[in-house]
Novice: 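Sharing a structure, written as structure tokens. Questions coming.
Both counts, for ligands and for their atoms, begin at 1 and track the order of listing.
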Amino acid sequence: MSSISRQSTVLIDSFNRLHNYLRISLTERCNLRCQYCMPEKGVDLSPSSHLLSTNEILHLIRIFTTYGGVNKIRLTGGEPTIRKDLVDIVRGVRSYPTMKTIGITTNGVLLHRLLEPLAQAGLNSLNISLDTLVQQKFEFLTRRAAFARVLSNIRLALDMPKSYPLVKINCVVMQGINTDELNDFVELARDQPNLAVRFIEYMPFDDNKWNEKKYFPYEEMLKIIKQRYNLQKLAQIDKNDTTKWYRVQDDSYKGRIGFITSMSEHFCSTCNRIRVTADGQLKVCLFDNKEVSLRDVLRSGASDEEIYALIQQTLYKKDKEHLPVDVLHTQANRPMILIGG
Ligand SMILES: Nc1nc2c(ncn2[C@@H]2O[C@H](COP(=O)(O)OP(=O)(O)OP(=O)(O)O)[C@@H](O)[C@H]2O)c(=O)[nH]1
Ligand SMILES: C[S@@+](CC[C@H](N)C(=O)[O-])C[C@H]1O[C@@H](n2cnc3c(N)ncnc32)[C@H](O)[C@@H]1O
Ligand code: SF4
Ligand code: SF4
């Protein structure tokens with residue numbers, strides 16, 4: 001601990017990884033029920049008094065930003081667009097001159113009402129989750145009927161390239177569910193220079209039906225896609241990117257594709273991410289179930305300096321990397337919906 005200075009204006013862990021990217025979950029609720037994220041019956045929700053208020057969220061953001069040098073914030077959930085103060089929170093984040101990226105990760109269902117106000121408030125990164133291009137499969141996977149709406153909202157977002165220069169589609173790939181659609185997803189970005197499709201390895205969390213038979217690794221995805229397309233691996237643009245990027249070598253292909261290989265080739269050595277859950281728990285790693293309540297210290301009247309010192313101390317205990325997948329799926333963690341991705 002002695003190596004951490006209370007005055008430090010960057011968040012560094014014991015492996016010298018700089019943490020400038022904060023992911024905040026705004027809600028435990030969602031208007032979909034994705035099988036890989038939550039059980040059908042839903043999850044036990046925290047009482048509303050345990051959830052962070054708008055002011056508390058903005059207060060924590062101020063501490064992370066002004067003391068810790070955070071310059072990228074992603075708002076997630078649950079489904080962040082169901083939170084009524086989403087636009088106000090984005091505007092609050094944008095008020096920091098040092099803030100570079102403000103993003104949301106969303107299922108897209110409510111975006112038609114929000115794309116314009118969010119852009120005006122300063123949102124500049126939009127990731128939309130979509131795991132299938134087949135309506136019935138969407139309804140099976142999400143247990144809700146919203147397929148047409150999500151597709152039309154993706155189109156609306158793509159028509160706003162000035163506000164959203166690169167829309168990313170997040171597609172969780174599961175053996176026997178959507179492995180037959182990989183090339184259809186590649187085609188989705190053919191005419192769209194501002195669209196990137198990212199294929200995500202299925203990760204195990206509590207109550208999410210993960211098993212080895214459904215897990216479909218990156219190399220297997222590549223094999224399928226390479227049967228149809230010539231792919232060129234792109235140099236990493238951002239050293240902390242979670243994604244391995246490729247372009248399709250075909251002059252008519254405008255978009256790009258990527259792979260988030262959390263399980264088969266993790267990217268923990270360049271991790272710059274720290275998380276706060278909707279109930280105010282600091283989570284230094286997606287797969288670490290040890291948590292510290294920032295909500296409780298905030299409500300105890302602690303000073304910003306004290307809260308920042310607690311964040312530094314907790315981050316310093318972050319592990320080097322997550323456990324191997326065969327161990328990970330036996331460990332207790334929150335369901336993904338209560339973490340936020
Ligand atoms: N293992 C691991 N997976 C992550 C991490 N951050 C994001 N992911 C996963 O990557 C997928 C996409 O996450 P997003 O919410 O779109 O965030 P992102 O990949 O950081 O987005 P960009 O800022 O656009 O790069 C989700 O399945 C996340 O759970 C991480 O730190 N570790
Ligand atoms: C938990 S969701 C929250 C934000 C929003 N509701 C959405 O779906 O985009 C964040 C991201 O985590 C991804 N995700 C959820 N469960 C996952 C799992 N088991 N493995 C990999 N990614 C997962 C989702 O596909 C989504 O892209
Ligand atoms: S992945 Fe997103 S949309 Fe699907 S249930 Fe989880 S929080 Fe909701
Ligand atoms: S698993 Fe943990 S350490 Fe690895 S990249 Fe994700 S959050 Fe970072």
Novice: Can you tell me which residue and heavy atom of the protein come closest to atom 28 (C) of ligand 1, and the distance to 0.1 Å?
Specialist: Gly341 C, 3.9 Å

Novice: Please confirm whether the backbone N or O of Tyr218 pairs with a side-chain atom of Glu201, one donor and one acceptor, at under 3.5 Å?
Specialist: yes

Novice: Working note: Lys137 + Asp180, criterion salt bridge (Lys or Arg N to Asp or Glu O under 4.0 Å); need CA distance, chi angles, decisive distance, verdict.
Specialist: CA-CA 12 Å; Lys137 234 194 261 185; Asp180 58 335; 3.1 Å; yes

Novice: Please list the nearest protein heavy atom to atom 26 (C) of ligand 1 with its residue and the distance rounded to 0.1 Å.
Specialist: Ile200 CD1, 4.1 Å

Novice: Quick one: which ligand 4 atoms are inside 4.0 Å of a heavy atom on Phe287?
Specialist: 1 (S)

Novice: Between Asn71 and Lys100 (side chain of the first, backbone of the second, donor and acceptor by atom type, cut-off under 3.5 Å), is there such a pair?
Specialist: no

Novice: If you round to the nearest 0.5 Å, how far is CG of Asn178 from OG1 of Thr132?
Specialist: 6.5 Å

Novice: Might you confirm whether atom CZ of Phe15 has over 12 heavy atoms from other residues, nucleotides or ligands at distances under 6.0 Å?
Specialist: yes

Novice: Which ligand 1 atoms are under 4.0 Å away from a heavy-atom of Leu286?
Specialist: 1 (N), 2 (C), 3 (N), 4 (C), 32 (N)

Novice: Could you check atom 8 (Fe) of ligand 4 against the protein and tell me its nearest heavy-atom contact, residue, atom and distance included?
Specialist: Cys271 SG, 2.3 Å

Novice: Of all the atoms in ligand 4, which lie at a distance below 4.0 Å from a heavy atom belonging to Leu286?
Specialist: 2 (Fe), 7 (S)

Novice: Which residue owns the protein heavy atom closest to atom 23 (O) of ligand 1, what's the atom, and how far is it?
Specialist: Lys72 NZ, 2.5 Å

Novice: Which atoms of ligand 1 are found less than 4.0 Å from any heavy atom of Tyr21?
Specialist: 17 (O), 18 (P), 20 (O), 21 (O), 23 (O)

Novice: With a 6.0 Å cut-off on the ring centroids, do Tyr36 and Phe205 count as close?
Specialist: no

Novice: Can you tell me which portion of Arg275 lies within the under-4.0 Å heavy-atom range of ligand 1? Options are side chain, backbone, both, or neither.
Specialist: side chain

Novice: For atom 31 (O) of ligand 1, what's the nearest protein heavy atom and its distance?
Specialist: Arg273 NE, 2.5 Å

Novice: Which heavy atom of the protein is the closest neighbour of atom 2 (Fe) of ligand 4, given with residue, atom name and distance?
Specialist: Cys285 SG, 2.2 Å

Novice: Using a 4.0 Å heavy-atom cut-off, which part of His322 comes near ligand 1: side chain, backbone, both, or neither?
Specialist: neither

Novice: Can you tell me the protein heavy atom closest to atom 6 (Fe) of ligand 3 and the distance?
Specialist: Cys37 SG, 2.4 Å

Novice: Between His266 and ligand 1, which residue portion shows a heavy-atom distance shorter than 4.0 Å: side chain, backbone, both, or neither?
Specialist: neither

Novice: Could you work out, for atom 12 (C) of ligand 1, the closest of Asn170, Ile73, Thr105 by heavy-atom distance?
Specialist: Asn170

Novice: Quick check on contacts: which atoms of ligand 1 are under 4.0 angstrom from a heavy atom of Ile260?
Specialist: 10 (O), 11 (C), 12 (C)

Novice: Would you mind checking which non-hydrogen protein atom is closest to atom 7 (C) of ligand 1, with the distance to 0.1 Å?
Specialist: Arg23 NH1, 3.7 Å

Novice: Taking the side chain from Tyr215 and the backbone from Trp210, do they hold a donor-acceptor pair closer than 3.5 Å?
Specialist: no

Novice: Any idea which atoms of ligand 4 are less than 4.0 Å away from a heavy-atom of Arg275?
Specialist: 7 (S)

Novice: Return the residue, atom name and 0.1 Å-rounded distance of the protein heavy atom closest to atom 4 (Fe) of ligand 3.
Specialist: Cys34 SG, 2.3 Å

Novice: Can an N, O or S atom be found in Cys30 less than 2.8 Å away from atom 8 (Fe) of ligand 3?
Specialist: yes

Novice: Does Ile61 reach the side chain of Tyr96, with side-chain heavy atoms less than 4.5 Å apart?
Specialist: yes

Novice: Taking only heavy atoms of Lys168 into account, list the atoms of ligand 1 that are under 4.0 Å away from them.
Specialist: 22 (P), 24 (O), 25 (O)

Novice: Taking only Lys NZ, Arg NE, NH1 and NH2, and the carboxylate oxygens of Asp or Glu, determine whether Arg334 and Asp279 approach each other closer than 4.0 Å.
Specialist: yes

Novice: Would you mind finding which of Gly78, Gly340, Ser129 brings a heavy atom closest to atom 7 (S) of ligand 3?
Specialist: Gly78

Novice: For atom 5 (S) of ligand 4, what's the nearest protein heavy-atom neighbour? Residue, atom name and distance, please.
Specialist: Arg273 NH2, 3.4 Å

Novice: Checking Phe199 against Phe259 for the ring-ring contact (aromatic ring centres under 6.0 Å, His included) test, could you report, in this order, the C-alpha distance in whole Å, the side-chain angles of both residues, the deciding distance, and whether it holds?
Specialist: CA-CA 5 Å; Phe199 299 106; Phe259 300 84; 5.6 Å; yes

Novice: Show the atoms of ligand 4 that are less than 4.0 angstrom away from any heavy atom in Phe267.
Specialist: 5 (S)

Novice: Which ligand 4 atoms does Lys318 reach within 4.0 Å, using its non-hydrogen atoms?
Specialist: 3 (S), 8 (Fe)

Novice: Answer yes or no: is there a donor N or O on one side and an acceptor on the other, between the side chain of Arg273 and the main chain of Asn240, under 3.5 Å?
Specialist: yes

Novice: For Asn127, counting its heavy atoms only, list the atoms of ligand 1 lying under 4.0 Å from any of them.
Specialist: 14 (P), 16 (O), 17 (O), 21 (O), 22 (P), 24 (O)

Novice: Do you reckon Ile339 sits in the same ILVMFWY cluster as Phe267, going by side-chain contacts under 4.5 Å, direct or chained?
Specialist: yes

Novice: Would you find more than 12 non-hydrogen atoms of other residues, nucleotides or ligands less than 6.0 Å from Glu212 atom CD?
Specialist: no

Novice: CD of Glu40: more than 12 outside heavy atoms within 6.0 angstrom?
Specialist: no

Novice: Suppose I only count heavy atoms of Arg74 and a 4.0 Å limit; which atoms of ligand 1 are within that range?
Specialist: 15 (O), 17 (O), 21 (O), 22 (P), 23 (O), 24 (O)

Novice: Can you spot which of Asn208, Val325, Ile177 makes a side-chain contact (heavy atoms from CB on, under 4.5 Å) with Tyr202?
Specialist: Asn208

Novice: Any idea which atoms of ligand 3 are less than 4.0 Å away from a heavy-atom of Met38?
Specialist: 5 (S)

Novice: In this structure, are over 12 heavy atoms from other groups packed under 6.0 Å from Arg33 atom CZ?
Specialist: yes

Novice: Pull out every atom of ligand 1 sitting under 4.0 Å from any heavy atom of Met336, numbered as shown with elements.
Specialist: 29 (O)

Novice: Identify the residue among Thr27, Thr106, Asn31 that makes a side-chain hydrogen bond (donor to acceptor under 3.5 Å, both in side chains) with Glu79.
Specialist: Thr106

Novice: In ligand 4, which numbered atoms sit nearer than 4.0 Å to a non-hydrogen atom of Cys268?
Specialist: 1 (S), 3 (S), 4 (Fe), 5 (S)

Novice: From atom 9 (C) of ligand 1, work out which of Met203, Arg198, Met263 has a heavy atom at the shortest distance.
Specialist: Met203

Novice: Under a 4.0 angstrom heavy-atom cut-off, which atoms of ligand 1 come close to Thr242?
Specialist: 19 (O)

Novice: Taking the side chain as every heavy atom from C-beta outward, state whether Lys318 and Arg17 have any pair of such atoms under 4.5 Å apart.
Specialist: yes

